[in-house]
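Take a look at the structure set out below.
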Amino acid sequence: MPYTLKIAHLYGDLMNTYGDIGNILVLNYYAKKMNVTLTSEIVSLNQSFDPKKFDLAFFGGGQDYEQVIVSKDIQNKKKDLTDFIEDNGPMLAICGGYQLLGQYYIGAAGERIEGINALPHYTKSQDHNRFIGDIVIKNAETNQTYHGFENHNGITFLGTGERPLGTVVSGHGNNGQDKSEGAIYKNVFCSYFHGPILARNGELAKRLLLVALKRKYPDADLSKEESLIIKPTY
C-alpha cells in the first residue's frame, strides 16, 4: 500500500542553521524505502499553520537575530501548534526551534525571547562560553545510541512531563549539568544536534516516520516498514 505524508517546515527560510534542512532530506530518503511519498511545505512569517493539514513538522535552528523575529510571529501560531502537539502530532525541533517551543530563551545579549510554552522547558544563556563538539547520547526507551555535533550557547532545563532524548555519554547536552540532551514530549523530539541529527541517526528518522504513519493510518499493517534495516552511519 502506498502511503503519503506531508511535513511542515516551520520557518524554513529563516531557521536553517548548520544544514538543519538536511533532516528533511533524510526523512525523504527513508520514506522512499518505506514506500511513502513525503512532501514538504514551508510555513513562515505571516502564514498560518493548519494542524489538520500536516502529518509531521520540522523546526530548525537559528541565531538570536532570527529567533527574535520568529518569536514575535510564532505567537500567532501558538494555539494551532499546541493543538498539533497535544493531538500527538510528530515533530522534530532542533536548537532554536527546540528553544522556541518552550517557555522562553534568554539571548546572549540578555534579552528574553518568548517561546510558545507548548513544552515546559526554558533556556538561559552562558557567559562567554558555548558547548561545541562531538556528542554521544543513549536513549533509555530504545537503548539506541545517537551520535552528533552540538554548537549552542543556550542551556536548557526540562520541565514536568518532558524526558530527555538521551543521557549524555560524552559531550555537554542540554546544560552540562544533569546529563540530559534534548527532550521528548508526546511525539515531539527535540535536540541540540546539528549536522543534521538524522543523517547519522537513521533509527530516529525511522521512528519519526513510523509515528506519523501510525497516527495517519491507524489500521494499516506497518510490519514491513517497521522491519526496515537502518545501517549505522557513524
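The minimum heavy-atom distance between S191 and E181, with the atom names listed, is OG-OE1, 3.1 Å. Minimum interatomic distance between L119 and C190 (heavy atoms only, all atoms of both residues): CD2-SG, 3.9 Å. Listed here is the closest heavy atom pair of A212 and L56: CB-CG, 3.9 Å. The heavy-atom pair separating L198 from V26 by the smallest distance is O-CG1, 3.4 Å. Here the closest heavy-atom approach between residue F189 and residue L204 is recorded as CD2-CD1, 4.2 Å. Closest of all the heavy-atom pairs between N151 and C95 is O-SG, 4.5 Å.
By the 4.5 Å heavy-atom criterion applied to side chains, L27 and F58 are not counted as neighbours. With a 4.5 Å cut-off on side-chain heavy atoms, K186 and V211 do not count as touching.
Residues passing the side-chain contact (heavy atoms from CB on, under 4.5 Å) test with V136, sequence neighbours excluded: T145, H147, V169, S170. In this structure, the side chain to side chain donor-acceptor pair (under 3.5 Å) partners of Q126, at least two apart in sequence or on a different chain, are N129. E226 is linked by a salt bridge (charged side-chain N to carboxylate O under 4.0 Å, His left out) to K214, counting only residues two or more places apart in sequence or in another chain. Under the side-chain contact (heavy atoms from CB on, under 4.5 Å) criterion, T4 pairs with T37, K216, Y217, sequence neighbours left out. Applying the ring-ring contact (aromatic ring centres under 6.0 Å, His included) criterion to F131, with sequence neighbours excluded, gives H152, H172. Contacts of F149 classified as ring-ring contact (aromatic ring centres under 6.0 Å, His included), with partners at least two apart in sequence or in another chain: none. For H9, there are no side chain to side chain donor-acceptor pair (under 3.5 Å) partners, not counting sequence neighbours. Shown here are the side chain to side chain donor-acceptor pair (under 3.5 Å) partners of Y192, two or more places apart in sequence or in another chain: Q99, T156. Legend: residues meeting side chain to side chain donor-acceptor pair (under 3.5 Å) with N174, ordered by chain and number and at least two apart, are Y98, S180. With sequence neighbours excluded, no residue satisfies side-chain contact (heavy atoms from CB on, under 4.5 Å) with K231. Residues forming a salt bridge (charged side-chain N to carboxylate O under 4.0 Å, His left out) with K72 (at least two apart in sequence, or on another chain): none.
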From CA spacing to verdict: side-chain contact (heavy atoms from CB on, under 4.5 Å), L222, Y3:
CA-CA 10 Å; L222 296 168; Y3 302 105; 3.6 Å; yes

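One finds the CD atom of E41 at 4.5 Å from the NZ atom of K6 (value rounded to the nearest 0.5 Å). In this structure, the separation between CD1 on I116 and NZ on K79 is 12.5 Å, given to the nearest 0.5 Å. Rounded to the nearest 0.5 angstrom, L38 CG and Y30 OH are separated by 14.0 Å. With values rounded to the nearest 0.5 angstrom, E150 atom CD is found 9.0 Å from D134 atom CG. Note that CZ of F59 is 8.0 Å distant from CE of M91, once rounded to the nearest 0.5 Å. For the atom pair CD1 (I21) and CG (N16), the distance works out to 5.0 Å, reported to the nearest 0.5 Å.
One hydrophobic cluster holds both I230 and I197 under the rule that ILVMFWY side chains link at heavy-atom gaps under 4.5 Å. The same ILVMFWY cluster, assembled from side-chain heavy atoms under 4.5 Å apart, contains both M15 and I113. Follow the hydrophobic side-chain contacts under 4.5 Å out from I94 and you reach L209 in the same cluster. Clustering ILVMFWY residues whenever any of their side-chain heavy atoms sit less than 4.5 angstrom apart, transitively, puts L101 in the very cluster that holds L14. In this structure, L5 is a member of the same hydrophobic cluster as Y29, with clusters built from ILVMFWY side-chain heavy atoms closer than 4.5 Å.
In this structure, D73 contributes its side chain and N46 its backbone to a donor-acceptor pair below 3.5 Å. Side chain of K33 to backbone of L228: no donor-acceptor contact under 3.5 angstrom is found. Here the side chain of D20 pairs a donor or acceptor atom with the backbone of G61 at under 3.5 angstrom. N153 contributes no side-chain N or O that, together with a main-chain N or O of S125, makes up a donor-acceptor pair within less than 3.5 Å. Between the side chain of N175 and the main chain of Q177, a donor-acceptor pair closer than 3.5 Å is present. No donor-acceptor pair closer than 3.5 Å links the side chain of K206 to the backbone N or O of I229.
Looking at Q47, Q67, K77 one by one, the single match for side-chain hydrogen bond (donor to acceptor under 3.5 Å, both in side chains) with Y11 turns out to be K77. Here the options are I184, T167, N201, the test is side chain to side chain contact (heavy atoms under 4.5 Å, CB included), and the partner is N139; only I184 passes.
By the neighbour-count criterion of 12 heavy atoms within 6.0 Å, atom NZ of K138 is sparsely surrounded, having that number or fewer from other residues, nucleotides or ligands. Under a cut-off of 6.0 angstrom, the local environment of CD in Q144 is crowded, with over 12 non-hydrogen atoms contributed by other residues, nucleotides or ligands.
In this structure, E114 does not pair ionically with K78, as no charged nitrogen and carboxylate oxygen lie closer than 4.0 Å.
Side-chain atoms of E111 and Y105 form no donor-acceptor pair, as typed in the model, at a separation below 3.5 Å.
Applying the ring pair (Phe, Tyr, Trp, His ring centres under 6.0 Å) definition to pairs two or more places apart or across chains, those involving residues 60-84 are F49-F84.
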